[in-house]
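Every chain is numbered from 1 and lettered A, B, ... according to where its sequence line falls, protein lines coming before strand lines.
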Amino acid sequence: MKAHLTDLLFAAVGQLTNEVNLSQIVIDRPKLIEHGDFSTNIALVLSKILKKSPRDIAQLILDQMPKTEYFEKIEIAGAGFLNFFLGAHSHQIIINQVIEEKELYGKNQIGQGKKVQIEFVSANPTGPLHVGHGRGAAIGDSIARLFEFSGWEVTREFYYNDAGAQIDNLTRSVKARALNISPENQDFPEEGYRGDYIADIANAYLAKSSLECQGQQVQASGDIEDEESIRNFSIAYLRNEQDQDLAAFKTAFDVYSLESDLYKNGQVNFVVDTLVKEGHTYEKEGALWLKTTDFGDDKDRVMKKSDGGFTYFVPDVAYHLDKWTRGFKRVINEQGADHHSTISRVRAGLQGLNKDIPLDWPEYVLHQMITVMKNGVEVKISKRAGSYVTLKDLVDEVGCDATRYFLSARRADSQLIFDIDLAKSQSNDNPVYYIQYAHARIEGVLNQWGGDKKTLGVSKDYAFESLAEKKLIKRLSEFPEVIKQATDELAPHQIANFLKDCAAELHSYYNDSKFLVDDEVTKLARLSLIYATQAVIKNGLALLGISAPEKM
RNA sequence: GCGCCUGUAGCUCAGCUGGAUAGAGUACUUGGCUUCGAACCAAGUGGUCAGGAGUUCGAAUCUCUUCAGGCGCACCA
């Protein structure tokens with residue numbers, strides 16, 4: 001319908017001037033229903049070129065527009081806006097299309113089956129997942145769902161830093177606990193992890209527990225001096241726990257990549273050798289440096305420390321070369337904003353490999369930090385001190401649906417405040433229930449009606465009259481556009497906003513109007529409208545990983 | 001000091017590829033259930049879009065600048 005309108009406008013404008021191209025014709029969705037279903041400011045844009053007043057130009061365009069049955073009214077408003085109002089014919093088409101397509105409504109094939117890899121969460125296996133990881137999970141998974149909905153072949157991936165210094169630290173911490181050294185004791189590792197979960201791991205280790213991690217059985221030896229065993233068991237224990245937390249958060253991954261594998265497979269060495277060969281390195285003060293300043297960084301970075309170890313970003317580069325080699329022309333990394341300094345380094349490293357990797361590859365979505373409020377005070381998150389708001393706690397206390405909603409309904413850029421007491425105590429006032437209620441409420445009416453949903457549809461003779469109906473229909477028709485924009489901008493919060501507005505209009509319509517009326521045509525038309533609304537809400541919720549209950 | 005992000009109603013936040021009277025939730029005030037689900041609806045109160053300058057027919061939106069907050073600027077990850 002929008003494309004149709006674009007054609008009409010293009011035809012009309014083409015009669016007036018050749019100095020405009022199609023891309024300059026912008027068709028908006030007005031916020032106010034009084035301004036129609038579509039509007040364009042093309043007359044204002046043309047006024048300078050044509051040296052006429054915008055309203056005169058609008059009239060000229062109107063005169064040149066081919067006839068169409070889609071709009072019942074086209075008017076010139078304000079400074080020279082052209083407003084288009086959909087008529088009964090369009091209303092029928094929209095609703096019947098939604099009903100016909102159901103769970104497919106809103107989908108598109110922009111991705112054309114191309115591969116995209118989305119990496120998110122990627123927490124280190126040194127502790128339970130916290131609320132920040134939850135935000136990454138909610139946003140990353142929703143972006144993945146959006147891409148799937150837009151016809152991409154999506155790979156969800158989780159990267160484990162299981163080889164660095166923090167793992168040694170984890171091992172020492174667990175060993176200390178196993179030796180019954182408490183965090184308060186001065187013999188406890190200074191930089192050690194002090195959370196209670198460390199003691200849990202130590203106890204499980206001493207009990208010679210066995211656990212499954214990613215399909216592999218890991219057995220604790222129980223030997224306090226066997227640091228290799230402590231290390232393997234601790235990692236497996238925490239990964240296992242993280243996997244469970246993510247499963248409870250309805251977040252699943254296709255691929256888990258391990259930093260340790262990059263060392264084992266020689267990929268890290270390959271990257272270092274290549275960078276040396278390509279001439280982007282130099283030695284200074286016993287260390288090997290990468291000239292990241294050649295690629296836009298503000299200072300050069302050490303790759304290989306004087307003690308022989310690599311700095312953390314080297315395996316990161318190797319990992320991303322691996323992604324590239326696996327054929328992902330599009331890669332999106334969702335991570336906390338505290339890691340944003342890695343962007344320039346990873347990209348610089350990739351450029352240095354001379355593999356024709358685009359400058360802006362990979363793409364990044366960075367979410368800002370979350371401030372957690374509990375009992376009216378801010379909860380400081382410190383892994384080492386063991387002060388925590390875990391994802392598991394949130395899911396247990398607030399629920400998966402509400403937690404996912406809260407964490408993905410805001411722009412990634414915003415430093416959101418998560419008030420646990422509010423989320424818990426006011427769970428009935430929660431926006432997510434408001435949306436789900438609209439879905440369940442519709443189901444209630446349809447059950448009351450008791451007819452066969454397959455027979456629903458708006459007949460050609462029926463014209464919707466009320467403002468509430470027109471608003472709702474306009475909203476439903478916007479869904480595919482919202483999907484495109486949210487996908488394009490990597491911004492799933494737009495879906496949440498859409499759903500809230502859609503639910504509000506449904507509730508408003510519900511109170512405004514009766515559905516189960518005597519007149520059969522009217523009844524079917526109205527039921528069709530809410531049935532279509534239900535489908536859209538369900539599709540939108542699915543994109544956020546939130547359930548659409550039929551009863552609440 | 002440098003870089004990135006943010007500043008919109010009492011609070012939490014949308015709106016940011018320039019468009020029409022700046023919106024929602026919450027809080028507060030008032031009204032609506034013998035009637036399809038009141039976890040709902042309707043109406044009202046509430047704004048120097050952090051401050052200033054610029055660009056233009058038009059700026060919350062773009063540019064510059066000041067202020068405030070967050071996060072980064074390691075031979076840590």
Side-chain angles (χ1 to χ4, degrees), chain A residues 26 28 30-32 34-35 39-41 44-45 47-48 53-54 77-81 83 124 126 161 163-167 169 191 259 284-289 297-299 301-313 315-316 336-344 364 366-369 371 373 406 409-419 422 426-438 440-449 468 485 488-489 493-494 496-498 500-501 503-504 506-517 523 526-527 530 551-552:
Chain A
V26 178
D28 285 320
K31 279 175 283 195
L32 299 174
E34 293 76 22
H35 294 152
S39 77
T40 180
N41 65 348
L44 285 80
V45 175
S47 79
K48 200 178 293 177
S53 85
F81 294 97
N83 294 336
N124 295 337
T126 55
N161 287 105
Q166 79 273 350
I167 297 297
N169 196 5
E191 297 293 307
E259 182 187 8
K284 191 176 87 177
E285 296 161 4
L288 182 67
W289 295 67
D297 204 354
D298 53 355
K299 59 174 103 165
R301 307 290 170 177
V302 168
M303 288 174 66
K304 193 174 185 179
K305 298 181 278 185
S306 52
D307 69 4
F310 295 109
T311 52
Y312 73 96
F313 85 94
D316 265 6
D338 53 337
H339 290 102
H340 84 253
S341 64
T342 67
I343 298 175
S344 57
Y364 285 85
L366 301 179
H367 64 257
Q368 294 293 320
M369 302 294 95
T371 303
M373 303 290 287
F406 266 97
R410 306 270 183 246
R411 290 165 62 215
D413 276 341
S414 73
Q415 299 158 208
L416 76 82
I417 295 180
F418 197 111
D419 188 328
L422 198 72
Q426 301 203 342
S427 61
N428 280 356
D429 265 336
N430 212 307
V432 72
Y433 294 114
Y434 180 81
I435 297 165
Q436 290 177 321
Y437 180 49
R441 216 176 186 189
I442 292 167
E443 190 64 26
V445 177
L446 293 171
N447 281 337
Q448 186 77 23
W449 168 57
Q485 186 170 339
D488 198 45
E489 298 180 10
H493 75 277
Q494 292 176 3
N497 290 335
F498 172 88
K500 208 183 59 183
D501 292 338
L506 182 280
H507 288 309
S508 186
Y509 180 38
Y510 188 98
N511 279 63
D512 172 71
S513 167
K514 193 154 176 72
F515 308 116
L516 300 177
V517 293
K523 182 170 71 182
R526 291 180 181 171
L527 287 174
I530 61 170
K551 270 188 199 156
M552 293 175 69

Look at all strands and tell whether [X] reaches a base, only sugar-phosphate, or nothing, counting heavy atoms closer than 4.0 Å.
X         : answer
Glu443(A) : nothing
Ile417(A) : sugar-phosphate
Asp297(A) : nothing
Ser39(A)  : base
Tyr434(A) : sugar-phosphate
His507(A) : sugar-phosphate
Arg411(A) : base
Ala496(A) : nothing
Ala79(A)  : nothing
Thr40(A)  : nothing
Leu44(A)  : base
Lys304(A) : nothing
His493(A) : sugar-phosphate
Ser414(A) : sugar-phosphate

Between [X] ([atom1]) and [N] ([atom2]), how many Å, whole number?
X         : N       : atom1 : atom2 : value
Gln415(A) : rG69(B) : CD    : P     : 12 Å
Leu506(A) : rC36(B) : CG    : C1'   : 13 Å
Gln436(A) : rA39(B) : CD    : P     : 15 Å

Open item on the list: Whether the side chain of His339(A) and the base of rG72(B) hold a donor-acceptor pair under 3.5 Å is what I'd like checked.
Closed with: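 By the distance-only test, no, there is no pair.
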Open item on the list: Quick check: any donor-acceptor pair below 3.5 Å linking the side-chain of Tyr437(A) to the base of rA39(B)?
Closed with: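 Side chain to base: no pair below 3.5 Å.
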Using the aromatic ring of [X] (for Trp, its six-membered ring), decide whether it stacks on the base of [N] within the limits of 5.5 Å and 30°.
X         : N       : answer
Phe81(A)  : rA20(B) : yes
His35(A)  : rA20(B) : yes
Tyr510(A) : rC41(B) : no

Open item on the list: Under the criterion ring pair (Phe, Tyr, Trp, His ring centres under 6.0 Å), I'd like the reasoning laid out for His507(A) against Tyr437(A): C-alpha separation, chi angles, the key distance, then a yes or no.
Closed with: CA-CA 9 Å; His507(A) 288 309; Tyr437(A) 180 49; 5.3 Å; yes
Task: Atom pair NE2/CG of His367(A) and Asp413(A) - distance to nearest 0.5 Å - done: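 One gets 11.5 Å once the value is rounded to the nearest 0.5 Å.
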Provide the distance between the two [atom1] atoms, one in [N] and one in [M], to the nearest whole Å.
N       : M       : atom1 : answer
rA74(B) : rC11(B) : C1'   : 40 Å
rU6(B)  : rG15(B) : P     : 11 Å
rA39(B) : rG23(B) : C1'   : 23 Å

Open item on the list: Using 30° and 60° as the class boundaries, would you call the ring planes of Phe515(A) and Tyr509(A) parallel, tilted or perpendicular?
Closed with: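 Plane angle over 60°, so perpendicular.
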When both hydrogen-bonding distances must be under 3.5 Å and the geometry is Watson-Crick or G-U wobble, what is [N] paired with, if anything?
N       : value
rA24(B) : rU12(B)
rU56(B) : none
rG3(B)  : rC71(B)

Open item on the list: Measuring only between side-chain heavy atoms, which start at C-beta, is Leu527(A) closer than 4.5 Å to Trp449(A)?
Closed with: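 Result yes, sub-4.5 Å side-chain heavy-atom pair found.
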Open item on the list: Would you say that Phe406(A) contacts Leu416(A) through its side chain, given a criterion of any heavy-atom pair below 4.5 Å between the two side chains?
Closed with: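 SC-SC contact between Phe406(A) and Leu416(A) ruled out.
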Task: Least distance between heavy atoms, Ser344(A) atom then Ser341(A) atom - done: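 Looking at all heavy atoms of both residues, the shortest contact is OG-O, 3.4 Å.
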Task: cation_pi(Arg441(A), Tyr510(A)) dist<6.0 Å, angle<=45 - done: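 Geometry flag: set, cation within 6.0 Å and 45°.
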